[in-house]
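Down below is the structure, laid out as structure tokens.
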Number of protein chains: 2
Amino acid sequence: MLDLDDYLPYLLNRAGSRIARAFTRELRAHGITLPIWRVLAALQHRDRQSVSQLADSTAIDISTLSRILDQSERRGLAARARGVASDARSIELRLTPAGRALARRITPTALNYERTALAGLSPAEERQLKRLLVRVHANMAGLSGKGARGA
Amino acid sequence: MLDLDDYLPYLLNRAGSRIARAFTRELRAHGITLPIWRVLAALQHRDRQSVSQLADSTAIDISTLSRILDQSERRGLAARARGVASDARSIELRLTPAGRALARRITPTALNYERTALAGLSPAEERQLKRLLVRVHANMAGLSGKGARGA
DNA sequence: TCGAGTTATTTGCATTTGCAAATACATTAG
DNA sequence: CTAATGTATTTGCAAATGCAAATAACTCGA
């Protein structure tokens, strides 16, 4: 029988949910939701992404993301531009100045939460944790698509 | 500005979401959803939990969990028993034989996914990753409650 | 024993989610 | 050039989510 305390998906979900929930509350003070923050952070990190690129990098379902972009656009935080890229099917997303400013304002709080989450870990442990998470993410690449079959 | 590729909440969410999505699809073959699987796994791991204990261990919001338990009960996978514990306010949750059997049937697939996620990591790295995730989870303990204030 | 104050669970309700179908644009074959 | 097919994004819709309010049950003091 499964030993949950040693089962990666469980440990990952638990840790991730706690951080997400705590940060969601923090974001209320800034008037936005966690998904919107994710969009801001991802576009701040790399601007002019397409919707599908952004869906992939934020791990938000593309149809859900489409609606989060509606909200972001309505609030004047991000903008869609069709036909800008070579392929007019895709849409180029950009942060507005207001969106960029908001992302910058939230960043210190975000880093604060990260520090809390990592409290007590040595710099080496922190690096190791992040590296391993990147590898796990890469390992699941093929399986997260649409027609993925069982491992 | 935030370097996402080195930002723990982002890395955690990405990795966790990929595993969750892939496993959700896998669970369809067994006729259940991811939240129900989490309930089964948690109760298999430790039976006779109360609703709030289970909410805490599965990282599912308690009101959402209440409804997931409705489903689990309707499907004959879990059962609620009021007044069994010393305190009749709390409810004792138990897996039914069918629930236990289903959990056992799914376990090999679950372990398979974990192996996929951990592919290429040495046993030491795997242990380290899990240990660090436990510590991160513990670090966020205070902040995930209801009236939690910012870090 | 009654009631004020607490904690555990459920329910009401507005919002969010994700799958599947629809739409928009592109490409390639004939 | 048109049809057929393929990829990017959005929309319809039923189900899931999470906060806040309601309910159930306990505790303790007068």
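By convention in this document, chain letters (A, B, ...) are assigned in the order of the sequence lines, proteins followed by strands, and residues within each chain are numbered from 1. From a predicted model like this one, the values you see are computed outputs, not experimental measurements.
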Kindly point out which of D/dA8, C/dA26, C/dA8 is positioned nearest to the side chain of A/Ala88?
C/dA26
Quick test: give all pairs of protein nitrogen or oxygen and nucleotides 10-14 of chain D nitrogen or oxygen below 3.5 Å, distance rounded to 0.1 Å.
unit_1, atom_1, unit_2, atom_2, d
D/dT10, OP1, A/Arg80, NH1, 2.6
D/dT10, OP2, A/Ser66, OG, 2.9
D/dT10, OP2, A/Arg80, NH1, 3.1
D/dT10, O5', A/Ser66, OG, 3.3
D/dG12, O6, A/Arg67, NH2, 2.9

Set of residues satisfying ring-ring contact (aromatic ring centres under 6.0 Å, His included) with respect to B/Phe23, sequence neighbours excluded
B/Trp37, B/Tyr113
Atom pair distance, as rounded to whole Å: CG in B/Asp61 and P in D/dG18
5 Å
Could you give the distance from CZ (A/Arg105) to OG1 (A/Thr107), rounded to the nearest 0.5 Å?
10.5 Å
Salt-bridge test for B/Arg21 and A/Asp61: reply yes if a basic N is under 4.0 Å from a carboxylate O, no otherwise.
yes
Is A/Arg82 salt-bridged to A/Glu92, cutoff N-O under 4.0 Å?
no
So, B/Asp47 and B/Arg100, do they make that salt bridge, N to O below 4.0 Å?
yes
Specify the separation, in whole Å, of atom CG of B/Leu93 and atom C1' of C/dA8.
12 Å
If you assign each of B/Ser50 and A/Ile60 to its closest nucleotide in DNA chain C, which residue comes earlier from the 5' end?
B/Ser50
Of residues 31-47 of chain B, the positions that come close to DNA chain C - non-hydrogen atoms, cut-off under 4.0 Å:
none
Interatomic distance where CG belongs to A/Asp56 and P belongs to D/dA8 [whole Å]:
12 Å
Nearest atoms (heavy-atom pairs only) where B/Ala42 meets A/Leu4:
CA-CD1, 3.6 Å
One thing to verify: whether A/Asp5 and B/Arg46 come together as a salt bridge, which I'm taking to mean a side-chain N less than 4.0 angstrom from a carboxylate O.
no
Separation of atom CD in B/Gln49 from atom P in C/dT9, rounded to whole Å
11 Å
Taking CZ from B/Arg89 and P from D/dC28, how many angstroms apart are they, rounded to a whole number?
10 Å
Walking DNA chain D from its 5' end, the first of A/Thr24 and A/Asp87 to be reached, judged by nearest nucleotide, is A/Asp87
So, B/Gln71 and B/Arg74: side-chain donor and acceptor under 3.5 Å apart, yes or no?
no
Smallest heavy-atom separation, A/Pro9 atom then B/Glu114 atom, equals CD-CG, 4.1 Å
To the nearest Å, how far apart are A/Glu92 CD and D/dA8 C1'?
14 Å
